[in-house]
Protein chains: 2
Amino acid sequence: MEENADTPSRRIADDLRSDIVSGHLSPGGKLPAVRDLAARYGVSRNTAAKAVALLKTDGLITTRYGSGSYVRESHPIRRLGPERYARSKWQVTTVTTYTDDRGDSAATQQQGGQTQDVSLVPADDRTAAVLGIEPGDLVYERARVMTRDGVPTHTMTSYYRQVDVEGTSLVDPRPGIAGRSGGYQILTEQGLPPHEITEDLAARMPTADEVILLDLPAGEPVVELHRVTRTAEGQVIEYARGIHAASRFIWSYTYDIPD
Amino acid sequence: MEENADTPSRRIADDLRSDIVSGHLSPGGKLPAVRDLAARYGVSRNTAAKAVALLKTDGLITTRYGSGSYVRESHPIRRLGPERYARSKWQVTTVTTYTDDRGDSAATQQQGGQTQDVSLVPADDRTAAVLGIEPGDLVYERARVMTRDGVPTHTMTSYYRQVDVEGTSLVDPRPGIAGRSGGYQILTEQGLPPHEITEDLAARMPTADEVILLDLPAGEPVVELHRVTRTAEGQVIEYARGIHAASRFIWSYTYDIPD
DNA sequence: TAGTGGTCTAGACCACTTC
DNA sequence: AAGTGGTCTAGACCACTAA
C-alpha cells in the first residue's frame, strides 16, 4: 500500500514525524539540530537538512534562522457559518463613537485586530462585471487584514459602487463605525440593506506576497473567498475577496436540498 | 515590499516561472533539463535541481522520472453548488437496470467514472456521534473514488445506519441503481427522504496516501468535505467525508443573511 | 562567540524513460 | 545506449540568533 521512496532523508523525516505525532516532540518543542541529526544517522549534513525541509513543506514544523527547528503550534480553528453575517451582529440602533487614542492621520488604522485601508481605485474586469459597471470605473476599495492574538488570519477586500457609499463614514473612516461588518450597516443606512450572500471558495497554494502578508508557514494553503452581497431586489451592493490561512478555519454551510 | 532571498536557485526558479506565466513555456511543454540549466547558469547540477524542485512544490510543474519536467496542465474547474444534490438529478420513477458486462464478483465496480466499494464496518467516534449511535456499532460504508477524463478528482465515503439501508440494493450493489447519488434515492424508498444538508469544508495539504490515491501533483492542496444529510424531521441519515483535489473545484453557496 | 539553518559546489551512483 | 530526474557525500561559506 505504501509507495514510499525508501531514501535516508525520507527515513529521517519519517522518524521525526512519528516523534511529533506521537507527542514525543510537543508543539513548540525544539527538534535536534541538523548537524546532530546528520551525526546520529551517519549521513551528510545536506541529507539531514533535506529531511527537515520535507517536514517544513509538510507544514509540520517551522524553522527559525539561526535558532533551530520547532514543532509547529496548531492554531485554534474558527468555524465560519452564515451566522457571522447575522444582522444582530452589525445592525446598531445607537451609534457609539469613541476617539482614536493615537490620532493617526493616515487612513490606515489599527482597531480591534484589523487594519483598514480605504481608497478609490479603478475596477478590474471581474469587479466591474459583478458590480454591473464598466472596467476602469472608479470603485471604493476597503482593504482589511484581520488578526487574532497578534497573528494575521485573513484578508478581506471589499468593493463598493461609488454612488452607493459616497459621503458615508466608510469613505472617510473614523474608528467606531467602520469596523468589522460596518459596511453592511452603512449600506443599510443608504437604503441598500443586504439580504443575500453568495460565497465562492477555492483552495490553492499562496503567492509569495500572501506568504509574507499572512505570515504563512511553508506548506500552508490558502482559501480564496469571493463574496457577492445583494439586496432583496437582487442588486449587487458589495463584492469582496478574501484570502484565508487554511489551517485556521472551517467553513460550514447548511441548506435545503433543491428540487 | 519583496522579501525575496536572492539566491541562485531562487533566481533560476524565478526565470522559469516568468517563462511559464508569460506563456513562453506552454502547459504540457518541456522544461530544459536540469543539466542544461546548470550549464547555462554556471551553477552546480544540485542548485539547478533545487530550482526545479521549488517550482514543483509550488505546483507549477510536474516531473516525470527519467523523462523530464513539464509545465503543469491546468485542469478544468468544476463549480459545486447545492444544485448538484437536486432531487431531479437522483429521483427516478422508472428503475432502469442494465447488466454488468464484465461480471465482476467483487463489490468493487467500475461505472461511469467512479469506483464503489461497500462494506460493513465499526463506526469511529465521529461517525457514531453524527449518526447518533455508539462507537464500534456497525455501519455501512460506501467508499467511492470519482474520476473525470480518467483523472481521479475526489473521494467520497458515506456512512449509513445499518437499520436504514439493510436489504436495499445499496448493500448488495448492482450497477444501474447504486450509481452517483443513488444513496439518496434508496433512502427515499426507505421512507427517509433527505431534506437538509450541512457541509463543512477545510483545506490542508494531503497525506501521502491521498497523494497516491488522487494522483496529486506536488504542491496541490486538498479540500476535506464533511457532509451531514438530514430528513425534514432532523434525523441524520447519512454522514459522508470526501477529499477533493483543490485545483479542480470551486465551491459556491448562496444564502440569506440571518437575523 | 558558539550554535544554527540555508545554500552552494563537484562529483558520484541509481532508477527510470525513450529510442 | 543515451538522456533525465532523484539523491547522496564531504566540505565550505554565509546570515542569523542567543548568550
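Worth knowing before you read on, the calculation uses all heavy atoms, side chains too, and leaves out hydrogens, waters and symmetry mates. Predicted, not measured: the structure shown is a model, and the values here were computed from it.
Rounded to an integer number of Å, the gap from A/Lys30 NZ to C/dG3 C1' is 8 Å. As a whole-Å value, the separation of A/Lys50 NZ from C/dC8 C1' is 14 Å. Going from atom CG of B/Leu31 over to atom P of D/dG6 covers 12 Å, rounded to whole Å. Between the P atom of C/dG5 and the CG atom of A/Leu54 lies a distance of 15 Å, rounded to the nearest Å. Computed from coordinates, the B/Tyr41 OH to C/dA10 P distance equals 18 Å when rounded to whole Å. The CD1-C1' distance, from A/Ile12 to C/dG5, rounds to 16 Å in whole Å. We find that NZ of A/Lys56 is positioned 8 Å from C1' of C/dG6, with the value rounded to whole Å. Remark: P of D/dG6 and CZ of A/Arg11 are 23 Å apart, rounded to the nearest angstrom.
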Practice problem: Heavy atoms under 4.0 Å is the rule here; annotate nucleotides 12-19 of chain D 5' to 3' with B where the base is hit, S where only the sugar-phosphate is, and - elsewhere. | Solution: BB-BBBS-
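Among the protein residues, A/Val52 comes within range of no part of the nucleic acid, since none of its heavy atoms lies under 4.0 Å from any strand.
Residue A/Thr63 places at least one side-chain N or O closer than 4.0 Å to OP1 or OP2 of C/dG6. Considering only side-chain N and O atoms, B/Ser69 lies under 4.0 angstrom from the phosphate OP1 or OP2 of D/dG5. Residue A/Ser9 places at least one side-chain N or O under 4.0 Å from the OP1 or OP2 atom of D/dC8.
Applying the salt bridge (Lys or Arg N to Asp or Glu O under 4.0 Å) test to pairs two or more places apart or on separate chains, those with a residue in residues 66-76 of chain B are B/Arg72-B/Glu220.
We find that A/Asp14 and A/Arg11 are not joined by a salt bridge, their nearest charged nitrogen and carboxylate oxygen being 4.0 Å or further apart. At a threshold of 4.0 Å, the pair B/Arg241-B/Glu224 does not count as salt-bridged, since none of the basic side-chain nitrogens sits closer than that to a carboxylate oxygen.
Annotation: side-chain contact (heavy atoms from CB on, under 4.5 Å) contacts of A/Lys56 (sequence neighbours excluded): A/Ile61, A/Thr63, A/Ala218. Under the side-chain contact (heavy atoms from CB on, under 4.5 Å) criterion, B/Ser252 pairs with A/Thr198, A/Asp200, B/Arg79, sequence neighbours left out. For A/Pro206, the side-chain contact (heavy atoms from CB on, under 4.5 Å) criterion is met by A/Glu210, A/Val211, A/Leu216, A/Val222, not counting sequence neighbours.
The A/Asn46 side chain lies nearest to C/dC8 when the options are C/dC8, D/dC8, C/dG5.
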Output side-chain donor-acceptor pairs under 3.5 Å for residues 24-41 of chain A, partner residues at least two apart or in another chain, one line each.
residue	atom	partner	partner atom	Å
A/His24	ND1	A/Ser22	OG	3.4
A/Lys30	NZ	A/Ser67	O	3.3
A/Tyr41	OH	A/Asp15	OD2	2.7

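Between A/Ala49 and A/Gly68, the residue whose closest nucleotide on DNA chain C is further toward the 5' end is A/Gly68.
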